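By convention here, the first residue in the shown sequence is residue 1. Source: prediction; values computed, not measured. All ligand and atom numbering here is 1-based and tracks the order in the structure.
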Amino acid sequence: MLAKPPMNAVSQPRLRECRDCGQFQLVPTLPPAARAQCLRCDAVLRHTHHDPLWTQLALNLTALLLLLIAVPSVLMLVSTAGQTHVADMFSGPVGLDLHGMWELAAVVLFTTVAAPALKIACMLYVLIGLRLPYPPRHIRTVFAWVEHLRPWSMIEVYLLSVFVAYVKLRAIVFIQIGVALYALGALLLTMIAADVLLDAQFIWEAMERRGIPGQDVNSAGVTTARGDAIGCDTCGLVSRAADNRSHCPRCGFRLRQRKPDSLRRTWSLGIAAAILYVPANVYPVLTVVQLGAGQPSTILGGARELLGAGQWPLAALVFFASICVPVLKLVGLTILLSSIHWRRRDRLRDRTVLYRIIDSIGRWSMIDIFMESILVALVQFGALVTINPGFGAIAFAGVVILTMFAARSFDPRLMWDAAQAPTA
Ligand SMILES: [Zn+2]
Ligand SMILES: [Zn+2]
């Protein structure tokens, strides 16, 4: 942590609870472009930036514009034997729905269109609301929801899956790239920049300075005695647990010392995902029907086909994202859960890093699902060649979503608690 009080400070000293290890510590005054890390587990407690509000406004306006270009435009155009099909971002979900897989269609639509659009819209609403003479009170709830939407916005995974679909399609049809793909590429870069340059605490503090009603916390962050402090999981505010408060005075979300029922929930979700992993790999995720003959293909089969076509980097990518990542997540979560059960005191930092990896890589497994939605939407050439989705895809999407929920319901602070608890 930085100790010197800088001249051009952008933040006030605040008491914070580390989300990864539960340690309460005072984050000092920081200059722009500075980083404060947890003394115990190295988690980033705060990362300040130059002119955070204007940067966010500019990046989110650009993202909105790019999304408005990408959504109605042509993503890909495929043709064979005189027939042509055009796909946009909605074609995948529509194609899956036509094959009776509305659950999968809903997941693809939410993660590739709805969640990114909502995230950008909420950010703009908050940033513009903050500039109004009387900012609306509910912008704090809207900003809190941005935090919860973040993991479900998967533009970057979608873009990679479009690339894999392109390589697969090139083998069977003539294919052209549309405007939407370029817009998505630019949108991806803009959204990554917005995430990297976001100092959420600055926006929360800007709301406090604007005196948005319902806040009585201006000094709570510094003065609260550490013994009765409770940190908000959503906005990071530390308030006094002794006041019998059930909701955070700043963001309005529920306050709790640790994620509720964390161990039981993580075990249940993990076991359910492990069971679904079997049908996800045994049943075909798609079937290519070429001249009347069907070739069902499992996830592993898909990777093998890419390898056979000489596309070994993409084969390795699909194999890693779809086969290895779910297994690594489940094995990793089992190691973390067991370490709490056995009250292990060693390698706490390493285990915390393992948790961060598990929490961040799960989304990449969606590559296969997104790719399939594009193939199903585009390759419908009647008796010539048609691609149909298989039951394995629903099971696989179930695995990805369940493991994501399992990782989110795990509370890494419990590992640090267990290591400090006196042994019976
Ligand atoms: Zn920590
Ligand atoms: Zn809060």
Side-chain angles (χ1 to χ4, degrees), residues 1-2 12 14-28 35-47 122 126 130 137-150 198-222 224 226 228-260 262 336 339-340 345-360 408 410-420:
M1 236 162 35
L2 295 172
Q12 295 296 311
R14 298 293 285 252
L15 187 64
R16 290 290 303 275
E17 180 191 10
C18 174
R19 280 178 198 187
D20 288 357
C21 74
Q23 173 86 16
F24 283 93
Q25 52 213 296
L26 198 65
V27 176
R35 190 198 286 261
Q37 280 172 297
C38 173
L39 292 167
R40 195 159 71 163
C41 76
D42 287 341
V44 176
L45 295 174
R46 180 144 186 195
H47 194 173
C122 287
V126 170
L130 262 175
R137 179 191 166 146
H138 58 262
I139 59 170
R140 59 197 183 119
T141 315
V142 175
F143 190 51
W145 273 107
V146 173
E147 258 328 276
H148 294 275
L149 268 174
R150 198 178 304 283
L198 176 68
D199 177 6
Q201 289 305 314
F202 188 91
I203 296 179
W204 285 116
E205 286 166 14
M207 288 186 206
E208 285 175 9
R209 282 196 296 277
R210 295 300 311 272
I212 289 169
Q215 292 172 344
D216 52 351
V217 293
N218 286 332
S219 59
V222 183
T224 303
R226 296 180 189 204
D228 61 2
I230 182 166
C232 173
D233 285 339
T234 303
C235 77
L237 179 84
V238 174
S239 53
R240 214 183 295 271
D243 297 345
N244 278 336
R245 224 184 236 131
S246 61
H247 290 85
C248 172
R250 186 161 74 173
C251 71
F253 270 70
R254 223 181 161 73
L255 281 177
R256 56 239 173 139
Q257 293 284 1
R258 295 291 177 262
K259 290 179 187 171
S262 168
L336 299 183
S339 76
I340 295 175
R345 289 159 191 266
D346 58 327
R347 313 192 75 158
L348 274 164
R349 275 171 175 245
D350 293 342
R351 279 187 272 140
T352 309
V353 171
L354 177 63
Y355 168 72
R356 285 181 209 136
I357 295 171
I358 290 172
D359 193 33
S360 57
R408 298 202 78 72
F410 181 78
D411 196 330
R413 293 169 293 187
L414 294 175
M415 297 191 293
W416 297 80
D417 294 348
Q420 283 174 334

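Protein atoms of type N/O/S that fall under 2.8 Å from the Zn ion (ligand 1) number 4 in this view.
A salt bridge (Lys or Arg N to Asp or Glu O under 4.0 Å) with Asp20 is found for one member of Arg413, Arg356, Arg351 and no other, namely Arg356. Among His148, Glu147, Arg250, the single residue meeting the side chain to side chain donor-acceptor pair (under 3.5 Å) criterion with Thr234 is His148.
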Derivation of the salt bridge (charged side-chain N to carboxylate O under 4.0 Å, His left out) call for Arg258 and Glu17: CA-CA 12 Å; Arg258 295 291 177 262; Glu17 180 191 10; 3.3 Å; yes

Verdict with reasoning, Asp233 to Lys259, per salt bridge (charged side-chain N to carboxylate O under 4.0 Å, His left out): CA-CA 9 Å; Asp233 285 339; Lys259 290 179 187 171; over 6 Å; no

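The side-chain hydrogen bond (donor to acceptor under 3.5 Å, both in side chains) search around Arg254 returns none, not counting sequence neighbours. Residues meeting the side-chain hydrogen bond (donor to acceptor under 3.5 Å, both in side chains) test with Thr352, sequence neighbours left out: Trp416.
Nearest approach of Leu45 to Cys18, heavy atoms of both residues: CD2-CA, 3.8 Å.
With hydrogens and angles disregarded, a donor-acceptor distance shorter than 3.5 Å links the side chain of Arg40 to the backbone of Cys21.
No more than 12 heavy atoms of other residues, nucleotides or ligands lie within 6.0 Å of CZ in Arg408, so this atom counts as exposed by the packing criterion.
Around the Zn ion (ligand 2), protein N, O or S atoms at less than 2.8 Å comprise Cys232 SG, Cys235 SG, Cys248 SG, Cys251 SG.
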